[in-house]
Amino acid sequence: MAITNRDRRERRRRRVRAKVYGVLSRPRLNVFRSVKHIYAQLIDDDAGHTLAAASSLDIDVRSQAGLKKVDEALAVGRLLAQRALQKQIKQVVYDRAGYRYHGRVKAVADGAREGGLEF
């Protein structure tokens, strides 16, 4: 049976999640990348709650017309950082969810750092 790209990503995701755990004082910044959009959320794994979220579907990001996907991801990271700082969250642990740290996944992290979050 052939191993697909989805299977490889799932293996990487499990490896990353074995080491990455978010708590209220330092939540996990999770990224999901689809073909068209990118989503990011801050998760408290102890309580199982999402503390803040942002995506390329948010009005604040969509109102910036003509952005490339990497620029959208950068805007999503900044927006998430802004929402996190409103809730007194300054430090996070980054969960790339098995995606390679490149392109849009890296842009979300860069945007969050620019917005004031510490990794």
Measure across [X] and [Y] and return the closest heavy-atom pair with its distance rounded to 0.1 Å.
| X | Y | value |
| --- | --- | --- |
| Ala53 | Asp58 | O-OD2, 4.3 Å |
| Val76 | Ala40 | CG1-CB, 4.1 Å |
| Val105 | Arg33 | CG2-CD, 4.3 Å |
| Ala54 | Arg83 | CA-NH1, 3.8 Å |
| Val16 | Arg96 | CG2-NH2, 3.6 Å |
| Ala97 | Asn30 | CB-OD1, 3.9 Å |

Practice problem: Kindly determine whether Asp45 and Arg17 satisfy side chain to side chain contact (heavy atoms under 4.5 Å, CB included), including the steps that lead there. | Solution: CA-CA 11 Å; Asp45 288 320; Arg17 284 289 288 124; 3.9 Å; yes

Exercise. Measure the acute angle between the ring planes of Tyr39 and Phe32, then classify it against the limits of 30° and 60° as parallel, tilted or perpendicular.
Key: tilted

Quiz prompt | Arg9 to Tyr99, cation-pi by 6.0 Å centre distance and 45° axis angle | solution = yes

Practice problem: Quick one: do Tyr94 and Val20 satisfy side chain to side chain contact (heavy atoms under 4.5 Å, CB included)? Show the steps, please. | Solution: CA-CA 8 Å; Tyr94 193 66; Val20 175; over 6 Å; no

Practice problem: Spell out, as yes or no, whether a donor-acceptor pair under 3.5 Å connects the side chain of Lys87 to the backbone of Leu51. | Solution: yes

Quiz item: So, does Arg78 use its side chain to make a donor-acceptor pair with the main chain of Glu114 at under 3.5 Å?
Solution: no

Practice problem: Identify whether the distance between the nearest side-chain nitrogen and carboxylate oxygen of Glu10 and Arg13 falls below 4.0 Å. | Solution: yes

Exercise. Kindly work out whether a path of hydrophobic side-chain contacts (I/L/V/M/F/W/Y, heavy atoms less than 4.5 Å apart) joins Leu74 to Val61.
Key: no

Practice problem: Using the rule that two of Ile, Leu, Val, Met, Phe, Trp, Tyr join whenever any of their side-chain heavy atoms come within less than 4.5 Å, decide whether Leu79 and Leu42 are in one cluster. | Solution: yes

Quiz item: In Å, rounded to the nearest 0.5 Å, how long is the span from CD of Glu118 to CZ of Arg113?
Solution: 11.0 Å

Quiz item: Taking atom NZ of Lys106 as the centre, does the number of heavy atoms from other residues, nucleotides or ligands within less than 6.0 Å exceed 12?
Solution: no

Quiz item: Only one of Asp46, Val93, Asp95 forms a side-chain contact (heavy atoms from CB on, under 4.5 Å) with Tyr21, so which one is it?
Solution: Asp46

